[in-house]
Colleague: 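Take this structure first; my questions come after.
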Amino acid sequence: MGLLVALDRPGGYEELVGKLCSRVDGFKLGLPLLMARGPGYAGLLRRRCRDALWVADLKLADIGYVMRLTAGLVAEHVDAVIAHGFVGVEGALGELKDYLDSLGKRLVVVASMSHPGAREAYDHALPRILETLERLRPWGVVAPATRPGVVGIVRRRLGPGVAIMSPGVGAQGAEPGSALCAGADYEIVGRAITGSGDPVEAAERIRREQEARLSNCRGTSHGS
Ligand code: O7M
């Protein structure tokens, strides 16, 4: 059971990361924050919480050459980098994965998204993206907590060896634990924690809700 906090809004997060460090599993750094503060800020935050999983959410979608250049700017400061799944393996995700492998870093690929517009194109592409993921075998995959059915499809297709992280819990309406019940390893939560008057209390409450829902669904469906 995992909780990743999305740090998106440009701002200072040193104190928050220190407070949340023992309560969450990792942090996902969004583009607005990385663009405003620069890639080195990821390293500065990381020093506040070394054992957490640190993910740069660049949502890369380009040719391999450019994705490697972009990922290379931040890779030394994080454990994993996120790219879009629709760009394909040859000349794109395959090159990025080889590059990150050579640095000892992990690739996380978006299978589908959490917002309603994902139904317009992304969901139609899911069968093809699953083929890409089967060939590529990235360390992690992003699938939407707002549509746990998609999380289940990804888990069944890729098996237990991939880390699934699911955004959409809280501000976008998904309940804590709903994606975990569908097979995700981590739920990504941004505003419900970072926008709360008491982020520590919010993170602890979400943890409790994840645990409650997970023990409930495991009890009723044996975790399937
Ligand atoms: O909890 P929120 O809604 O404040 O933030 C959600 C975070 O998850 C935010 O950082 C988004 O960029 C991210 N996200 C989505 O909301 N939907 C997606 O489909 C995918 C992501 C994501 O993390 O992609 C890697």
Side-chain angles (χ1 to χ4, degrees), residues 2-11 13 16-17 20 24-37 41-42 45 53-62 67 70-71 74 78-87 93 96 100 105-126 129 133 138-151 153-154 162-180 182 184-197 199 202-203 205-207 209-210:
L3 177 57
L4 302 181
V5 181
L7 306 178
D8 288 312
R9 225 160 42 85
Y13 289 102
L16 183 65
V17 164
L20 290 177
V24 304
D25 299 285
F27 298 89
K28 186 179 73 75
L29 305 167
L31 262 188
L33 177 63
L34 288 171
M35 289 182 73
R37 302 298 298 257
Y41 189 58
L45 289 181
L53 178 67
W54 286 90
V55 184
D57 185 2
L58 305 175
K59 285 201 188 65
L60 297 168
D62 212 320
M67 292 201 289
T70 316
V74 73
V78 295
D79 302 298
V81 172
I82 299 180
H84 271 295
F86 55 74
V87 289
L93 292 171
L96 178 62
L100 290 172
K105 303 295 175 178
R106 300 159 178 179
L107 173 63
V108 178
V109 178
V110 179
S112 187
M113 294 190 68
S114 59
H115 61 300
R119 290 194 178 87
E120 294 170 20
Y122 232 133
D123 278 0
H124 296 287
L126 184 62
I129 291 175
L133 294 171
W139 176 80
V141 170
V142 175
T146 46
R147 282 167 304 123
V150 176
V151 176
I153 289 170
V154 172
V162 68
I164 298 180
M165 35 189 84
S166 293
V169 169
Q172 296 178 55
E175 297 287 340
S178 53
L180 299 178
D185 300 283
Y186 301 96
E187 289 179 341
I188 296 168
V189 181
R191 288 163 288 180
I193 293 175
T194 58
S196 152
R205 178 179 43 75
I206 288 167
R207 273 273 200 219
E209 290 176 16
Q210 283 182 320

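Numbering of ligands and ligand atoms starts at 1, following listing order.
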Colleague: Kindly write out the residues that satisfy side-chain hydrogen bond (donor to acceptor under 3.5 Å, both in side chains) with Tyr41, not counting sequence neighbours, or none if the list is empty.
Modeller: Glu14

Colleague: Among all residues two or more places apart in sequence or in another chain, which pass the side chain to side chain contact (heavy atoms under 4.5 Å, CB included) test with Pro10?
Modeller: Pro32, Ala36

Colleague: Considering residues at least two apart in sequence or located in another chain, which fulfil the side-chain hydrogen bond (donor to acceptor under 3.5 Å, both in side chains) criterion with Asp8?
Modeller: none

Colleague: Under 6.0 Å between ring centres: does that hold for His115 and Tyr122?
Modeller: no

Colleague: Which atom pairs, nitrogen or oxygen on both sides, join ligand 1 and the protein at under 3.5 angstrom?
Modeller:
from     : atom 1 : to     : atom 2 : distance (Å)
ligand 1 : 1 (O)  : Gly190 : N      : 2.8
ligand 1 : 3 (O)  : Gln172 : NE2    : 2.9
ligand 1 : 3 (O)  : Arg191 : NH2    : 2.8
ligand 1 : 4 (O)  : Arg191 : N      : 2.7
ligand 1 : 4 (O)  : Arg191 : NE     : 2.7
ligand 1 : 10 (O) : Asp8   : OD1    : 3.2
ligand 1 : 10 (O) : Asp8   : OD2    : 2.6
ligand 1 : 10 (O) : Lys28  : NZ     : 2.8
ligand 1 : 12 (O) : Lys59  : NZ     : 3.3
ligand 1 : 16 (O) : Ser114 : OG     : 3.4
ligand 1 : 16 (O) : Gln172 : NE2    : 2.8
ligand 1 : 17 (N) : Ser114 : OG     : 2.6
ligand 1 : 19 (O) : Ser114 : N      : 2.7
ligand 1 : 19 (O) : Ser114 : OG     : 3.4
ligand 1 : 23 (O) : Lys28  : NZ     : 3.2
ligand 1 : 23 (O) : Asp57  : OD2    : 3.4
ligand 1 : 24 (O) : Lys59  : NZ     : 3.2

Colleague: Do Glu187 side-chain atoms and Pro176 backbone N/O form a donor-acceptor pair below 3.5 Å?
Modeller: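 Flag not set: sc Glu187 to bb Pro176 has no pair under 3.5 Å.
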
Colleague: Under a 3.5 Å cutoff, is there a donor and acceptor pairing between the side chains of Ser114 and Gln172?
Modeller: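 On atom types as modelled, these side chains qualify, holding a pair under 3.5 Å.
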
